[in-house]
Number of protein chains: 2
Amino acid sequence: MAQNDTVDRILDAAEELFAERGFAETSLRMITSKAGVNLAAVNYHFGSKNALIHAVFARFLTPYSQTLESAFDELEANCKGRPPCLHTTLWALTESAIRMPHRNERGISIFMRLLGLAYTQSQGHLRKFLEEEYSEPFGRFMRLLKEATPQLSAVDRYWRIQFMLGATAFTMSSSDALRDILQNKLGVDTRVQEIASRLVPFLAAGMQAEDPLLVSSPA
Amino acid sequence: MAQNDTVDRILDAAEELFAERGFAETSLRMITSKAGVNLAAVNYHFGSKNALIHAVFARFLTPYSQTLESAFDELEANCKGRPPCLHTTLWALTESAIRMPHRNERGISIFMRLLGLAYTQSQGHLRKFLEEEYSEPFGRFMRLLKEATPQLSAVDRYWRIQFMLGATAFTMSSSDALRDILQNKLGVDTRVQEIASRLVPFLAAGMQAEDPLLVSSPA
DNA sequence: ATACGTTTGAAACATACGTTTGACCCAGAA
DNA sequence: TTCTGGGTCAAACGTATGTTTCAAACGTAT
């Protein structure tokens, strides 16, 4: 009975601690003491700290990528023939994230924050792991984006996608703190879903901005 | 003679290593061996690793904030009475960053990456240090943004500013890696200045997007 | 009940970290 | 010259890390 329980308790604790402190700043002893399990359990069940990090990502990324595939299928089915527009493509991403079953209320915040950390913290092994495991839904999303913005050059599109990823990962990764600040400053209460519905128009407008006038260097 | 040299060599090495590896992942031994100085020199000249991090930021952030103040002064002088528009306000930021004297070609990248890390990596002492030292130019920038987007509600503006910060911090914090990827994929070489000139229109378009239609929660 | 593979537990492992120490060097003042 | 004080150096400090060990406890099938 308890064998599976130990694994899940470790994953829960690790997920939460990684999300609030980062990977290098979170020790196995913090994780195991928060989880209430023995220190050696991590290396017994997962093999190493890096493998634990991979397991934490796999636990929420695998169901998410499946949800995403379905959403993309539905999207393409609805727009028979013609490529789906930018708005709907972006909505498919955020809706899939929101619709996913989460363990608790903070689940969606943790989910976003971990994704942001994966990009930000320069963990070579993580990037490699994610590329190997989840290249397909990522590539499909990129293809949809390309079809939804045919007016952009490849270089323009590349950078604007990075800008979108940044705005999303950053905002969502600190959505808890940002919501609290807004609550204190303006007395406004905000739901994650509402943040998403503000973010999508911002991103879509940015993606479809007029071509930038590239300034020449002053020398 | 060599005493000042040691301080600068430490700052140079620390700046570079912090930028490419982050703060927690960079040890004092890496820094001192790269700088060619003794390990104890860091604690002798700076007092602690955290104080070294502050010194690294102060060395480029203090001249930058001064350049920024001048740019804002000039901006408001040019638009006598009327508030400066969004584009010019954003450009003042990026131009100040580019125009600053940098030690070498990679200086601007390092500058950007460090700024991104400051936002991303949850270093409590760093955030506190930056807030205490550089709150004035930041507040002034916020005031300019407010005047440049009078059509936005306070809540809308709040979230869109977060989106802008996210896109900027995220992109700049990994600008080196993103440039390398683009180099490999499309064979295109990119300058930091070019990234900025692509980013500004994206941000301005996002800020000025149509009011979002807030979707009602499905329950 | 006994035997066996799996899981836990406390302790130790080797290594790396930030920081401190005290001897040493060497310029300039007495 | 001697003294002084800022700067450097190798070495060690104490602590924390990821990982390993091995005996004890557990669960299950015989």
Tell me whether the side-chain N/O atoms of B:T6 come closer than 4.0 Å to OP1 or OP2 in D:dT8.
yes

When rounded to whole Å, the CZ to C1' distance for the pair B:R29 and C:dT20 reads 12 Å

On a heavy-atom basis, which atom in B:E25 and which in A:E25 lie closest, and how many Å separate them?
OE2-OE2, 4.4 Å

Please report, rounded to the nearest Å, how far the P atom of D:dT17 is from the NZ atom of A:K49.
9 Å

Ignoring hydrogens and geometry beyond distance, is a side-chain donor-acceptor pair present between A:T149 and A:R157 at under 3.5 Å?
yes

To the nearest angstrom, how far is A:N43 atom CG from D:dT17 atom P?
14 Å

Atom CE of B:M30 and atom C1' of C:dT15 are separated, to the nearest Å, by 13 Å

Take the protein atom CZ of B:F23 and the nucleotide atom P of C:dC17, then report the distance between them rounded to whole Å.
17 Å

Establish, yes or no, whether a centroid distance under 6.0 Å links the rings of B:F111 and B:F60.
yes

Is A:S27 close enough to D:dT17 that one of its side-chain N or O atoms is under 4.0 Å from OP1 or OP2 there?
yes

May I ask which nucleotide in the shown strands pairs with C:dA10, Watson-Crick or G-U wobble, both distances under 3.5 Å?
D:dT21

N or O in side chain of B:H45 less than 4.0 angstrom from D:dG6 OP1/OP2
no

Consider the side chain of B:L28, meaning its heavy atoms from C-beta on, and name the nucleotide among D:dG18, C:dT19, D:dT8 that approaches it most closely.
C:dT19

Can you measure A:I10 atom CD1 to D:dG18 atom C1' for me and round it to whole angstrom units?
14 Å

Both distances below 3.5 Å, Watson-Crick or wobble geometry, any strand: find the nucleotide opposite D:dA11.
C:dT20

5'-most contact on DNA chain C: A:Y44 or A:L39, nearest heavy atom basis?
A:Y44

Can you measure A:R21 atom CZ to D:dT17 atom C1' for me and round it to whole angstrom units?
13 Å

Name the closest nucleotide to the A:A40 side chain, picking from C:dC17, D:dT19, C:dG9.
C:dG9

Aromatic rings B:H54 and B:F129: how do their planes relate, parallel, tilted or perpendicular, breaks at 30° and 60°?
parallel

From the options B:R9, B:R59, B:K34, B:R21, select the one residue that forms a salt bridge (charged side-chain N to carboxylate O under 4.0 Å, His left out) with B:E15.
B:R59

Write down the partner of D:dT30 under the Watson-Crick or G-U wobble criteria, each distance required to be under 3.5 Å.
C:dA1

Between A:A24 and B:V37, which has a closest nucleotide on DNA chain D that is more 5'?
B:V37

May I ask you to say what A:T32 touches in the nucleic acid, namely base, sugar-phosphate or nothing, with a heavy-atom cut-off under 4.0 Å?
nothing

For B:N38 and C:dT19, give me the distance from atom CG to atom C1', rounded to whole Å.
13 Å

